[in-house]
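What follows is a set of notes on a single structure, which appears directly below.
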Amino acid sequence: MPQHDVLVIGAGLAGQRAALAAAEGGASVGIISKVHPVRSHSNAAAGGINAALNVEDSWESHAYDTVKGSDYLGDQDAIEIMCREAPDEVLHLEHLGVTFHRDDEGRLGTRAFGGASAARTYYVADITGQALLHVLYEQLMKFDAIDRYEEWFTTALVRDESGRIAGAVTRNIRDGSFEVITAKAVILATGGNGQIFDPTTNALICTGDGIAMAYRAGAPLMDMEMVQYHPTTLAGIGLLITEGARGEGAQLYNAEGERFMEKYAPSKMELASRDVVSRAEQTEIDEGRGFPDGTVALDITKVPRARILQALREIVNVGRDFAGTDITREPIHIKPGNHYVMGGIRTDVNGETGVPGLYAAGECACLSVHGGNRLGANSLLDTLIFGRRAGAHAATEGRAMAMPKPAGSELGREQELIAGIISRDRSGRRVSEIKAELGKTMDADCSVFRDENRLRGALETVKRLQEEVETVSIDDRGSVFNQDVLGALELKFMLDNAECIVMGALERRESRGAQYRTDFPERNDEQWLKHINLTVNGGDIPDVSYSEVTLTQWEPEERKY
Ligand SMILES: Cc1cc2nc3c(=O)[nH]c(=O)nc-3n(C[C@H](O)[C@H](O)[C@H](O)COP(=O)(O)OP(=O)(O)OC[C@H]3O[C@@H](n4cnc5c(N)ncnc54)[C@H](O)[C@@H]3O)c2cc1C
C-alpha cells in the first residue's frame, strides 16, 4: 500500500504547486491525476495571470479591484495575501523558465483585463496556462520525493479510526486495479465543475469530483451559487474567446451596430467585470437586439492584425476552425457561457477545510478570494499562491505525525460500486443522456438570470436525475481504460455539485456578483453580506449555515464600472 506524508489529488496548477511546496518542505509526496498532468484543465488558461509588479501599480490597488469585483463577498484577508504575494510568485515562475511576453524594451509586458484599474496581467501569448503547467511539470519531475500517479482516478476519501482523512481510494485507469493510497494529509486540487452546464468553456474532465468527495466527507461547500458566465464564448459549443481580446482593444456590438456597453458601464466599457458584461449582453439578446443565433458581436478587428497574430493566435484558430470566422477581418458572434465556479470547498488561507487531514486548493476550493465574481487572470494566481500555501502547511503537519491507518470499508464499497455499474443490464438511461439533460437544465434555469420558479424546477430535475443515475447504463465491460464507468462516477459527482449550486442560488435571496435573481434584483448587504455554507446531512437536501465575510480595509459600496 503506497504511503506519503502528503497526497495531492489533482495535477493542474494548484496541485503541482502544492506538491512542489510540500516536497520543498521535506515531505514525501504523492500526486494523482486522472489525465496526464499537462493535460489538466489549467492547460486551457489563455489570457494571463495578475500581479501588481509595475512600480506605478500596488498590491492594494489589485486587492481593491478584486474586492470590488467580488461584489464585496470576497474575504479581504485572503485577498490581501493573494495580491501581496503575487509579484514574487510571478517572478519565481519567470525564473523557473516561463517565457512571459516582453515589450520592445525587454521588460515583462502586460495587458489590461476586466475590472482592473491597471494593466497588470502577465501572459504568454494566449497559452499562459500551458506555459505555466509545462514549467511546473519539469520541476515536479526533478524531485525524487514526489511519486506521480498519472491516469489514476480517485473515487473516495478514506479515514482512520479517529475520523481523520487518511488517504484515498484510487483506480488505475490503465488496468482497472484499485489501490488505497495512505497519507497523513490530503490536498484536493481537482479543479472546477463546468461540465454540469452545457455548453461550457471547461474541458470534459471538469466534473467537480473533489468538491463532491469533500462534501461527502462532511466538509462545508461555500457560496456554490456563485457560478461565472464568461462574456465571450461561442454559441452552442462554449469555446472561449479570451478576455485578452478585449484587453487588447476588441469591442462589443449588438445587431443594431450599437456599442452597447456605453449604457451599462460607461467608464470601463468592455473591460467591466465579467458578471456586468455578461448581464449586459444577455439583456441585449433577451430584449431583441442580438443576432438571430442568440448572440452579440465581438469586433477584434479593432486590434491591429499584426498584434492579433502575435498575441491572440489561438483564438484566430478557434474563430477559423469552429465559427468559420477570420477574426482579423470580421466580428465574431459570441454570448455569455459557463466558465468558472467561485464557490467550492471552504478553506482557510492555508488550505485547511476543517475536516482533520483534509486540505483544498485551486478552483475546487473557496477561500474566498473571488466572492461573487472572479476577475479575469486572478484564478491562475489563486491556484499558485494557495496551492503553495496548502502544500507547505500540509508538509509541516504531515512530517510531525505518524502514518495513519485507514479504518473503513471504503475500498470494498468503491470496488462493489464499480463492479455493479459494469455488470448492470442496459435498461437504465445512458450517462450521456442524463448529462445532457443536466447541462441543458442548468444552462436554462441557473445561469445569468435566475428566479425562484426556475430554480425550483432545476432542483426537481436534479433530484430526479440523482435517482436515475443509480441505474445508469454503460457499454464498456472491460477494465482497460474504461472511461465509460468513470463517466458514470463523474456524473454522480456532478449531480452533487449541481444540487448544491441550485440550493445556494435558491437560498441567496438577493442579487450579488454572478448571482442575479430577477425576483430579488438588489444587493442586500444587511441580510446577505455573508457566505452560504452547505453541509451533507444524510437527508434529502444539505444543511444550510452562514459565515461572516472578512472585511479588512474596504467597506461595501455601490459597484459602478
Ligand atoms: C478556457 C479557459 C481559459 C481560462 N483562462 C484563464 C486565464 O487566462 N487566467 C486565469 O487566471 N484563469 C483562467 N481560467 C481559469 C483557470 O484556468 C482555472 O481556474 C485553473 O486553471 C484551475 O486550476 P486547478 O489546478 O484548480 O484545476 P485543473 O487545472 O482543472 O486541474 C484539476 C486536476 O485534478 C485532476 N482530477 C480531477 N478529478 C480527479 C479525480 N477524480 N481523480 C484524480 N484526479 C482528478 C485532473 O486530472 C487535473 O489534474 C480559464 C479557464 C478556462 C476554462
Side-chain angles (χ1 to χ4, degrees), residues 34 153-159 168-171 173 176 178 180 190 193-198 204-219 221 224 408-446 455-479 481-504 506 534-543:
K34 64 181 176 179
F153 187 99
T154 305
T155 68
L157 299 168
V158 302
R159 294 176 185 276
V169 180
T170 58
R171 179 177 156 100
I173 301 175
F178 278 88
V180 172
T190 46
N193 58 17
Q195 283 292 319
I196 296 166
F197 293 77
D198 182 12
L204 283 170
I205 54 175
C206 300
T207 47
D209 305 8
I211 297 176
M213 282 188 264
Y215 176 63
R216 291 174 189 177
L221 302 185
M224 285 293 283
S409 52
E410 289 95 348
L411 174 62
R413 189 193 64 209
E414 294 301 302
Q415 281 174 317
E416 223 172 89
L417 172 72
I418 291 189
I421 298 171
I422 291 179
S423 61
R424 190 177 288 158
D425 68 31
R426 295 196 178 100
S427 57
R429 291 183 81 189
R430 301 175 65 82
V431 173
S432 56
E433 280 172 28
I434 297 183
K435 189 177 167 205
E437 186 178 349
L438 173 66
K440 295 292 175 210
T441 302
M442 295 298 283
D443 191 56
D445 297 333
C446 193
L455 290 171
R456 293 239 168 261
L459 188 59
E460 222 170 88
T461 304
V462 170
K463 298 304 289 182
R464 173 172 50 77
L465 297 179
Q466 278 174 334
E467 283 170 24
E468 290 178 358
V469 80
E470 295 304 326
T471 56
V472 73
S473 70
I474 62 167
D475 289 325
D476 191 345
R477 305 285 192 226
S479 52
F481 278 101
N482 188 338
Q483 296 291 355
D484 227 3
V485 76
L486 300 185
L489 299 182
E490 288 173 340
L491 186 56
K492 282 170 79 101
F493 289 143
M494 285 195 273
L495 285 160
D496 283 359
N497 280 257
E499 179 181 357
C500 291
I501 290 172
V502 179
M503 280 294 301
L506 272 167
L534 302 175
T535 319
V536 78
N537 70 1
D540 202 31
I541 49 169
D543 282 338

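What you see is a predicted model; the values in this text were computed from it and never measured. FYI, the numbering just counts along the sequence from 1. Only this structure's heavy atoms are used, side chains among them; waters, hydrogens and symmetry mates stay out.
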Self-check item: Arg159 side chain vs Ala217 backbone, donor-acceptor pair below 3.5 Å
Solution: yes
Self-check item: Donor-acceptor contact below 3.5 Å, side chain Asp496 vs main chain Cys500
Solution: no
Quiz item: How would you list all residue pairs meeting salt bridge (charged side-chain N to carboxylate O under 4.0 Å, His left out) that involve residues 432-444, not counting sequence neighbours?
Solution: Asp198-Lys440, Arg429-Glu433, Arg429-Glu437, Glu437-Arg464
Determine whether [X] and [Y] make a side-chain contact, defined as any pair of heavy atoms from C-beta on separated by less than 4.5 Å.
{"X": "Arg216", "Y": "Val536", "answer": "no"}
{"X": "Asn193", "Y": "Ile501", "answer": "yes"}
{"X": "Glu410", "Y": "Arg413", "answer": "yes"}

Considering all heavy atoms of both residues, which atom of [X] and which atom of [Y] are nearest to each other, and what is their separation?
{"X": "Thr190", "Y": "Asp209", "answer": "OG1-C, 4.5 Å"}
{"X": "Ile211", "Y": "Met224", "answer": "CG2-CE, 3.9 Å"}
{"X": "Arg424", "Y": "Val472", "answer": "NH1-O, 2.7 Å"}
{"X": "Met494", "Y": "Thr207", "answer": "CG-O, 3.5 Å"}
{"X": "Gly218", "Y": "Thr535", "answer": "O-CG2, 3.7 Å"}
{"X": "Ala458", "Y": "Thr441", "answer": "CA-CG2, 3.9 Å"}

Spacing of [X] atom [atom1] and [Y] atom [atom2] [to the nearest 0.5 Å]:
{"X": "Arg430", "Y": "Asp475", "atom1": "CZ", "atom2": "CG", "result": "4.5 Å"}
{"X": "Gln483", "Y": "Ile474", "atom1": "CD", "atom2": "CD1", "result": "11.0 Å"}
{"X": "Glu468", "Y": "Leu495", "atom1": "CD", "atom2": "CG", "result": "9.5 Å"}
{"X": "Leu465", "Y": "Ile434", "atom1": "CG", "atom2": "CD1", "result": "6.0 Å"}
{"X": "Lys463", "Y": "Ile541", "atom1": "NZ", "atom2": "CD1", "result": "7.5 Å"}
{"X": "Phe493", "Y": "Ile196", "atom1": "CZ", "atom2": "CD1", "result": "12.5 Å"}

Practice problem: Can you establish whether the number of heavy atoms outside Glu470 located under 6.0 Å from its atom CD is more than 12? | Solution: yes
Quiz item: Looking at residues at least two apart in the chain, or sitting in another chain, which of them share a side-chain hydrogen bond (donor to acceptor under 3.5 Å, both in side chains) with Ser427?
Solution: Asp425
Quiz prompt | Working for side chain to side chain contact (heavy atoms under 4.5 Å, CB included), residues Lys34 and Leu486 | solution = CA-CA 10 Å; Lys34 64 181 176 179; Leu486 300 185; over 6 Å; no
Quiz prompt | Listed partners of Gln415 passing side-chain contact (heavy atoms from CB on, under 4.5 Å), at least two apart | solution = Phe178, Leu411
Self-check item: Verdict with supporting geometry, Val485 and Phe153, side chain to side chain contact (heavy atoms under 4.5 Å, CB included)
Solution: CA-CA 11 Å; Val485 76; Phe153 187 99; over 6 Å; no
Quiz item: Pick one: which of Val462, Leu455, Leu459, Leu221 meets side-chain contact (heavy atoms from CB on, under 4.5 Å) with Met503?
Solution: Leu459
Quiz item: Less than 4.0 Å between a side-chain N and a carboxylate O, is that true for Asp484 and Arg477?
Solution: no
